[in-house]
Amino acid sequence: MALPRTVVIAGAGIGGLTAALAIARRGFQVCVLEAAERLEGIGAGIQLSPNASRILIALGLAERLAPHVVVPEELKVRDAASGRVLARAPLGVDAEQRYGAPYWMIHRGDLQAALCEAVKAHPDISLQLGVKIEDFAIYENKVRVAAGRNAGTVEESGIALIGADGLWSTLRTRLGHNAAPRFAHHTAWRALVGKEAVAPEFSTPAINLWLGHNAHLVHYPVRGGRLVNIVAILRDEWKQPGWSAPGASDELLARFPAAQWHASARDLISAPTQWQKWALYDCAPLEQWGQGPVTLLGDAAHPMLPYLAQGAAMAIEDAAVLGQCLGEIPGDPVGALRAYEQKRSARTARTQRAARSNGTVYHLGGVGARLRSLALCMMGPRLIRRYDWLYGWQPR
Ligand SMILES: Cc1cc2nc3c(=O)[nH]c(=O)nc-3n(C[C@H](O)[C@H](O)[C@H](O)COP(=O)(O)OP(=O)(O)OC[C@H]3O[C@@H](n4cnc5c(N)ncnc54)[C@H](O)[C@@H]3O)c2cc1C
């Protein structure tokens, strides 16, 4: 039965949960349907640049997030072979002053748990787990959703349906976007280790980025600084979907040979006993996200490669803008969804393209790598200003 002013959201990832909060605060009822039986703390580190943290703060989440976030004092970019720091860009207080909101690093599971607590505490949001949306039908004033639960089916109706169902979105396909995500020929390996397992210089509050030929390494502390999140990205043809395939440490270390990687980077890669890996995909920007009372949000709308650390941030931005558009024209959900798409498509497309291009630059070898290093040395602390367009963004 259709509830007046109910918005149905497919997916309780970072995007779906943030959207639920942003939409409910505009006076709507929200029904979130999530395919997973449990929202476990899967994943590792996620960076929340000021464009995202300002939204989470505005949604009242600062207190819930405070015990989990780490504020990086700086970004350090290093050359893989020599270990030399090519550029250091201040974050911390500088970023907060420049962009009006903090830069945070957090475990994805901690962010999802904080959002989930806020969603569960909200009287106008219902969250159902183990419910996989399979299809929808549009009627004059509503959209009806068909979903599977165990062996049975569930039906929900609302004035709008938001597909926040991630990279492999069922709703994106159902909306007629048939192109499969593009495999980037890269895999990301992630591990978490206690801070005592790494050299003291690597447990300080900083984002470290090592650039090598066809591979790069990112590491930073999470969980209030108790753990270090390590992500190694390399050229690879392994392309199974999913987030958490086991990866063998010796296989990874062999891909970071001593001839190309400084001993301290190899020590860091040797520290974890367990790795998990996922294959990297993105999509070319979609021309039209949704139709009628249905739209897409987050990775479902604009899956991107992680080389700008903006996947979660863009999903959070989408959520804020969607809430705003629905709130501005509450009597016209279809018009609100088109206004939302119009506000979001150019920015998310630019971010998708910029992430892809960073991947190419990060993995250069030979002369290209030397020119890149020179450019980084010359930019120095001004490096971060290249991202003013990203971090300075405000919902309007
Ligand atoms: C398990 C997992 C682990 C991750 N780990 C990392 C990580 O370590 N580092 C990193 O940078 N990024 C990670 N990500 C990706 C990152 O969270 C997203 O890129 C980003 O936060 C955008 O979020 P999203 O909400 O758009 O999509 P997602 O976070 O992918 O969330 C989509 C949600 O939709 C649900 N879903 C899918 N299909 C349906 C359906 N038909 N009906 C109902 N629900 C459905 C999924 O179960 C999932 O909970 C991970 C994502 C997932 C799902």
**Prompt:** Any luck finding a side-chain donor-acceptor pair between His216 and His363 under 3.5 Å?
**Reply:** yes
What pairs of donor and acceptor atoms, side-chain ones from residues 372-393 against any protein atom, are under 3.5 angstrom apart with sequence neighbours left out?
residue, atom, partner, partner atom, Å
Arg372, NH1, Val361, O, 2.9
Arg372, NH1, Tyr362, O, 3.0
Ser373, OG, Ala369, O, 3.0
Arg382, NH2, Met378, O, 2.7
Tyr387, OH, Asn358, ND2, 3.4
Asp388, OD1, Arg98, NE, 3.1
Asp388, OD1, Tyr99, OH, 2.6
Asp388, OD2, Arg98, NH2, 2.8
Trp389, NE1, Arg386, O, 3.3

**Prompt:** Can you check salt bridge (charged side-chain N to carboxylate O under 4.0 Å, His left out) on Arg338 and Glu341, steps first, answer last?
**Reply:** CA-CA 5 Å; Arg338 295 297 86 75; Glu341 292 165 0; 2.9 Å; yes
**Request:** Verify, without hydrogens or angle tests, whether Arg108 (side chain) and Ile42 (backbone) share a donor-acceptor contact under 3.5 angstrom.
**Result:** yes
Distance-only check: which donor-acceptor pairs under 3.5 Å involve side-chain atoms of residues 307-318, not counting sequence neighbours?
residue, atom, partner, partner atom, Å
Tyr307, OH, His186, ND1, 2.5
Gln310, OE1, Asn51, ND2, 3.1
Gln310, NE2, Ser49, OG, 2.8
Glu317, OE1, Arg344, NH1, 2.9
Glu317, OE1, Arg344, NH2, 2.9
Glu317, OE1, Arg347, NE, 2.7
Glu317, OE2, Asn51, ND2, 2.8
Glu317, OE2, Arg347, NE, 3.4
Glu317, OE2, Arg347, NH2, 2.7
Asp318, OD1, Arg344, NE, 2.6
Asp318, OD1, Arg344, NH2, 3.2
Asp318, OD2, Gly298, N, 2.8
Asp318, OD2, His302, NE2, 2.6

**Shared hydrophobic cluster for Ile230 and Leu280 (ILVMFWY, side-chain gaps under 4.5 Å)** = no
**Asked** For Lys195, does the NZ atom sit with more than 12 other heavy atoms under 6.0 Å from it, leaving out its own atoms?
**Response** no
**Asked** Who passes side-chain hydrogen bond (donor to acceptor under 3.5 Å, both in side chains) against His262, sequence neighbours left out?
**Response** Ser264
**Request:** Using the rule that two of Ile, Leu, Val, Met, Phe, Trp, Tyr join whenever any of their side-chain heavy atoms come within less than 4.5 Å, decide whether Leu286 and Leu167 are in one cluster.
**Result:** no
**Fill in**
By salt bridge (Lys or Arg N to Asp or Glu O under 4.0 Å), Arg78 pairs with (sequence neighbours left out) Glu201
**Message:** Any side-chain to backbone donor/acceptor pair from Asp165 onto Thr170? Under 3.5 Å, distance only.
**Reply:** yes
**Asked** Does a sphere of radius 6.0 Å around CD in Glu63 hold more than 12 heavy atoms from other residues, nucleotides or ligands, not counting ones at 6.0 Å or beyond?
**Response** no
**Request:** Establish whether Val70 and Ile14 are linked, either directly or via other cluster members, by ILVMFWY side-chain heavy-atom contacts under 4.5 Å.
**Result:** no
**Prompt:** Any side-chain heavy atom of Leu227 sitting closer than 4.5 Å to one from Pro221?
**Reply:** no
**Asked** Distance-only, no hydrogens or angles: does the Thr204 side chain make a donor-acceptor pair with backbone N or O of Pro200 under 3.5 Å?
**Response** no
**Pairs involving residues 271-292, ordered by first then second residue, that meet salt bridge (charged side-chain N to carboxylate O under 4.0 Å, His left out) (sequence neighbours left out)** = Arg182-Asp282, Asp282-Arg356
**Asked** If every non-hydrogen atom of Pro181 is compared with every non-hydrogen atom of Tyr281, which pair is closest and at what distance?
**Response** O-CD2, 3.7 Å
**Fill in**
ring-ring contact (aromatic ring centres under 6.0 Å, His included) pairs touching residues 46-67, sequence neighbours excluded, are none
**Prompt:** Taking only residues two or more places apart in sequence, or in another chain, which ones meet Thr18 in a side-chain hydrogen bond (donor to acceptor under 3.5 Å, both in side chains)?
**Reply:** none
**Asked** So, for Ser169 and Leu296, which heavy atoms are closest and what is the spacing to 0.1 Å?
**Response** OG-CD2, 4.2 Å
**Message:** Trp238: which residues meet the ring pair (Phe, Tyr, Trp, His ring centres under 6.0 Å) condition with it, sequence neighbours left out?
**Reply:** none
Can you give me every donor-acceptor pair (side chain of residues 240-255, partner residue at least two apart or in another chain, under 3.5 Å) with its distance?
residue, atom, partner, partner atom, Å
Ser244, OG, Arg190, NH2, 2.9
Arg255, NH1, Arg235, O, 3.4
Arg255, NH2, Arg235, O, 2.6

**Asked** Does the pair Trp289 and Leu337 meet the rule for a side chain to side chain contact (heavy atoms under 4.5 Å, CB included), with working shown?
**Response** CA-CA 10 Å; Trp289 292 11; Leu337 298 198; over 6 Å; no
**Connected via hydrophobic side-chain network under 4.5 Å: Leu217 and Ile207** = no
**Request:** Name all residues meeting the side-chain contact (heavy atoms from CB on, under 4.5 Å) criterion together with Pro102; count only those two or more places apart in sequence or in a different chain, and write none if there are none.
**Result:** Ser53, Ile57, Glu96, Trp104
**Message:** Quick check: is Ile233 connected to Val193 through a chain of hydrophobic side chains (ILVMFWY, heavy atoms under 4.5 Å apart)?
**Reply:** no
**Message:** Using the side-chain hydrogen bond (donor to acceptor under 3.5 Å, both in side chains) criterion, which residues pair with His185? Sequence neighbours excluded.
**Reply:** Glu237
**Message:** Could you tell me if Arg5 sits above the aromatic ring of Phe28, with its cationic atom closer than 6.0 Å to the ring centre and no more than 45 degrees from the axis?
**Reply:** yes
**Asked** Between Gly290 and Gln288, which heavy-atom pair has the shortest distance, and what is it?
**Response** O-NE2, 2.9 Å
**Request:** List for me each residue that meets side-chain contact (heavy atoms from CB on, under 4.5 Å) alongside Arg149, sequence neighbours excluded, and say none if there are none.
**Result:** Gln128, Val131, Val154
**Asked** Are side-chain N/O atoms of Trp210 and His219 paired as donor and acceptor at under 3.5 Å?
**Response** yes
